[in-house]
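All ligand and atom numbering here is 1-based and tracks the order in the structure.
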Amino acid sequence: MPTVLFEVKENVAVITLNRPEKYNAFIRDMALLLQQHLDVCKKEKDIRAVYLTGAGKAFSAGQDLDEVVDPNGPRLPAILAEHYNPIVRMIRKLDKPVVAAVNGVAAGAGANIALCCDVVVAAASASFIQAFSKIGLIPDSGGTFFLPRLVGWQKASALMLTGEKVPAAEAERMGMIYKVFADEDFATASMQLAQTLAQMPTKGLAYTKQALNGAFQNHFEDQLHDEEVLQQRAGTTADFAEGVHAFLEKRAPRFRGE
Ligand code: LHQ
């Protein structure tokens, strides 16, 4: 079986990390395959949202630690430069929304890949662990960038130093993730969210994502400038025209992602 499964259903690319017996821990092959699939998501016009999840009990336990001690395995600098950093960059730069559907435990790089996604939802039984400190590493995959911005510096600092497990409900309360769904509703509710996003004005969502990317670094005036530029672009899309006409004609809009 491939280490990552990929299928497109109703404009949603479903990407499933697929090493369930290893809690979907990342090996090189899996990281490179995920990058290939994200590249398809970028190029394929019919894909208008991405749904990233894990097979079996876990979302992902992060780096496969067996690979780390394998003398023929990739070395630590390559693991970041060639595996995780490209994945996080691709998700942030993708001009389509990415839903992380965290079905079970998300640890180490697995947690931080989930947290860099645009909308993060979790099953009630899922959890998030900044597991790095427990093995003498520092948080990676963008975690030191995103987590303090999501939950504030103090919570991020404590979670990263202790490696404490955060249950999904607490992650929602502290603003780490968007929503928790009951385990029995999780698959349907999280997929419904991705399907809804896939039928929305895709370009407008892409420009929103770009504006949010900038919001983490920009000064106020730069951010207002970016909003002007991006709103101008959104205003020239066919979906904007359709959205306004549909509202005025009191009918449901038919967005085409153009
Ligand atoms: C695993 C793993 C795993 C291998 C579960 N590897 N087998 C960057 C730069 C360079 C190097 C290193 O890494 C990084 C980035 C990182 O991601 S560092 C952080 C790496 N991840 C971890 O340290 C997490 C390790 N895993 C755990 O702490 C636990 O497995 C969690 C809390 C995720 C789940 O605990 P349990 O629910 O008790 O499950 P389990 O421990 O029994 O795991 C289930 C199976 O999955 C088990 O295999 P087995 O054959 O015994 O059933 C584990 O060995 C395997 N597994 N994580 N990372």
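- Looking only at heavy atoms of the protein, atom 35 (O) of ligand 1 is closest to Y23 CE2, 4.3 Å.
- At least one protein heavy atom sits closer than 4.0 Å to atom 39 (O) of ligand 1.
- Within the listing of ligand 1, atoms 32 (C) sit less than 4.0 angstrom from a heavy atom of I129.
- For atom 8 (C) of ligand 1, the closest non-hydrogen atom of the protein is D140 OD2, 2.9 Å.
- Remark: atom 14 (C) of ligand 1 lies closer than 4.0 Å to at least one protein heavy atom.
- If you check the side chains of D95 and Q210, you find no donor sitting under 3.5 Å from an acceptor.
- Residue G62 approaches ligand 1 through these ligand atoms, each under 4.0 Å from one of its heavy atoms: 17 (O).
- Residue A61 has at least one N or O atom closer than 3.5 Å to an N or O atom of ligand 1.
- Close approach to L137 involves these atoms of ligand 1, each under 4.0 Å from a residue heavy atom: 11 (C), 12 (C), 13 (O).
- Each of Q35, K43, H37 was checked for a side chain to side chain donor-acceptor pair (under 3.5 Å) with D39, and the lone residue meeting it is K43.
- Atom 58 (N) of ligand 1 has its closest protein heavy atom at Q63 O, 2.8 Å.
- Remark: ligand 1 atoms within the under-4.0 Å shell around heavy atoms of V68 are 11 (C), 12 (C).
- Considering only non-hydrogen protein atoms, atom 6 (N) of ligand 1 sits nearest to L65 N, 2.9 Å.
- Rounding to the nearest 0.5 Å places NE2 of H245 at 9.5 Å from CZ of F240.
- The shortest N or O to N or O distance between I79 and ligand 1 is not below 3.5 Å.
- A side chain to side chain donor-acceptor pair (under 3.5 Å) with T3 is found for exactly one of T16, N18, D29, namely D29.
- Heavy-atom proximity to E21, at under 4.0 Å, picks out these atoms of ligand 1: 45 (C), 46 (O).
- Counting all heavy atoms, side chain and backbone alike, C41 lies closest to I15 at SG-CD1, 4.1 Å.
- In this structure, atom 52 (O) of ligand 1 is not in close contact with the protein, since no protein heavy atom lies within 4.0 Å of it.
- At a 4.0 Å cut-off, not a single heavy atom of K165 sits close enough to ligand 1 to count as contact.
- From the protein, the heavy atom lying nearest to atom 7 (N) of ligand 1 is K22 CD, 3.8 Å.
- Below 3.5 Å of separation, one finds no N or O of D66 facing any N or O of ligand 1.
- P74 places a side-chain heavy atom less than 4.5 Å from the side chain of H83.
- Remark: atom 18 (S) of ligand 1 lies closer than 4.0 Å to at least one protein heavy atom.
- With salt bridges taken as basic N to acidic carboxylate O contacts below 4.0 Å, one links E242 and R251.
- For atom 10 (C) of ligand 1, the closest non-hydrogen atom of the protein is L76 CG, 3.5 Å.
- Rounded to the nearest 0.5 angstrom, L115 CG and F145 CZ are separated by 13.5 Å.
- For atom 30 (O) of ligand 1, no protein non-hydrogen atom is found at a distance below 4.0 Å.
- Between L17 and N24, the closest heavy-atom pair is O-OD1, 3.1 Å.
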